[in-house]
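For clarity, every value in this text was computed on a predicted model and none was experimentally measured. So you know, we letter chains A, B, ... as the sequences are listed, proteins then strands, and number each from 1.
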There are 2 protein chains.
Amino acid sequence: MLASPTVENYLKAIYQGQSALADGQHVPMGQLAAALGVVPGTATTMVKALAESGLVSYEPYVGVRLTVAGEKLAVMVLRRHRLVELFLVQVMGMNWTEVHDEAEHLEHAVSDRLIQRIDAMLGHPQVDPHGDPIPDASGTVDRHEYHSLLTCPLNTRVTVTRVLDQNPTFLKFIEDCALMPGRAVEVTTRDTAADSVSVKTPDRTVTMGARAASKLLVQLETNPI
Amino acid sequence: MLASPTVENYLKAIYQGQSALADGQHVPMGQLAAALGVVPGTATTMVKALAESGLVSYEPYVGVRLTVAGEKLAVMVLRRHRLVELFLVQVMGMNWTEVHDEAEHLEHAVSDRLIQRIDAMLGHPQVDPHGDPIPDASGTVDRHEYHSLLTCPLNTRVTVTRVLDQNPTFLKFIEDCALMPGRAVEVTTRDTAADSVSVKTPDRTVTMGARAASKLLVQLETNPI
DNA sequence: TTGGAGATTTTGACTAATCAAAATATAATA
DNA sequence: TATTATATTTTGATTAGTCAAAATCTCCAA
Ligand SMILES: [Mn+2]
Ligand SMILES: [Mn+2]
Ligand SMILES: [Mn+2]
Ligand SMILES: [Mn+2]
């Protein structure tokens with residue numbers, strides 16, 4: 001049951017590829033290879049080995065899918081990753097734009113004992129600095145649907161809850177626009193032709209591409225009675 | 001200049017083997033292999049590779065020694081290891097008897113940026129929880145001679161400053177005897193025939209083997225004027 | 001000075017992870 | 001349906017790290 005960093009990274013990448021897909025769908029090998037920064041042939045070889053150890057189910061020319069055992073492991077890697085990220089921000093005072101890369105390494109090095117202490121110290125948090133849900137110790141992960149700035153209603157106050165991109169440059173852009181998780185904003189216009197979305201923040205109005213807008217998940221503000 | 005965890009562990013082990021030796025001496029392959037938990041042939045192969053990359057100088061049938069470049073790297077690994085240990089004790093509230101194994105992994109995963117923050121958060125500490133000196137950011141490491149409970153004067157108050165064994169069981173024993181770094185104690189008797197040393201603590205008198213006694217380094221208490 | 005005894009090195013083999021490039025399968029297009 | 005484009009798998013090779021066991025070296029003692 002001792003997974004190498006490489007195996008953990010594969011499982012995590014498959015999990016994340018899967019979570020963007022419909023239930024029971026397979027993650028294509030090309031996408032997996034790209035996500036891991038390896039050549040397609042490498043992914044094929046590794047995935048066949050993972051299938052051999054019962055962590056994934058693999059269908060040639062179709063793709064790969066986590067088994068129950070594989071998903072259990074993947075979720076625990078994700079838990080470690082996200083708890084570490086939040087710890088680095090809250091306790092170590094690091095910037096939320098730079099903790100992802102650090103966590104990418106630490107997620108393979110922290111013991112269960114340490115992760116338990118981090119979890120307790122942070123008060124068993126629900127989400128990480130990017131709004132990604134933190135699986136609990138039993139492996140249960142909050143999974144609820146969100147709108148994005150691309151799909152939410154117009155001229156309605158919404159709260160940014162999650163950013164689906166860990167690229168530091170993108171995150172810095174989001175920070176500059178005051179669009180980090182927790183901020184209340186309002187989509188004023190969407191221009192299909194220009195492929196753009198305009199968002200009003202308390203400070204100003206920002207216009208961004210649809211691709212960027214789709215990476216910002218939001219929740220409709222619930223009006224108190 | 002990117003050393004793998006394995007290379008870092010080899011350099012660290014050579015450094016530690018070296019520090020028990022006279023200047024310019026070589027660490028024998030057998031000792032190195034034992035310290036790393038590998039078979040002698042493996043150590044030979046690896047050391048030849050390290051020599052190839054200029055990190056060590058290797059003399060067949062004699063042993064291995066760090067070059068300046070190798071020592072620089074080794075010291076940085078040691079710095080990370082010890083800062084992490086102290087962090088785990090001071091900030092995370094872990095027991096000093098259990099942080100070594102955790103640090104053994106984390107030392108390869110923490111970035112310079114993070115280690116810098118840890119160092120600052122701890123106030124640029126001089127020693128880790130076991131009394132081992134922490135090299136500073138430039139790689140300078142405090143190296144001064146100590147007595148041990150085996151060599152210090154009898155019936156004289158001394159302060160335990162360092163424990164030269166990371167084994168949790170041994171550390172727990174030290175803790176139980178109230179002989180952790182910082183404690184003031186006094187060696188009452190040494191029995192060469194019985195190979196034992198008796199130490200008086202504020203609470204009681206403990207008798208231990210010479211081997212154990214030699215692992216507890218002490219400093220003579222400086223009498224204030 | 002001649003055996004060992006014990007330490008060290010060699011040799012051959014193995015696993016994990018990777019790439020380049022050729023071969024093949026699938027999907028899309030004409 | 002035949003052809004082309006794209007995705008995937010195979011094949012052959014490489015690097016890091018390791019072990020088992022045979023070969024070799026060093027050094028001490030008889
Ligand atoms: Mn990772
Ligand atoms: Mn995150
Ligand atoms: Mn280590
Ligand atoms: Mn220590």
Could you tell me how far apart B/L32 (CG) and D/dT18 (C1') are, to the nearest whole angstrom? 14 Å
Just jot down the salt bridge (charged side-chain N to carboxylate O under 4.0 Å, His left out) partners of A/K215, sequence neighbours excluded, or say none. A/D165
Quickly work out the B/H26 NE2 to C/dT8 P distance and round it to whole Å. 13 Å
Can you list the residues that meet the side-chain contact (heavy atoms from CB on, under 4.5 Å) rule with A/D136, with sequence neighbours excluded? A/S138, A/T140
Can you give one letter per nucleotide of nucleotides 5-17 of chain D, going 5' to 3': B for a protein heavy atom under 4.0 Å from the base, S for sugar-phosphate only, - for none? ---SBB------S
Got a sec, which residues hit salt bridge (charged side-chain N to carboxylate O under 4.0 Å, His left out) with B/E102, two or more places apart in sequence or on another chain? none
I need the full list of salt bridge (charged side-chain N to carboxylate O under 4.0 Å, His left out) pairs touching residues 64-84 of chain B, with sequence neighbours left out, sorted by first then second residue. B/E8-B/R80, B/R79-B/D119
Not counting sequence neighbours, which residues clear salt bridge (charged side-chain N to carboxylate O under 4.0 Å, His left out) with A/R113? List them please. B/E98
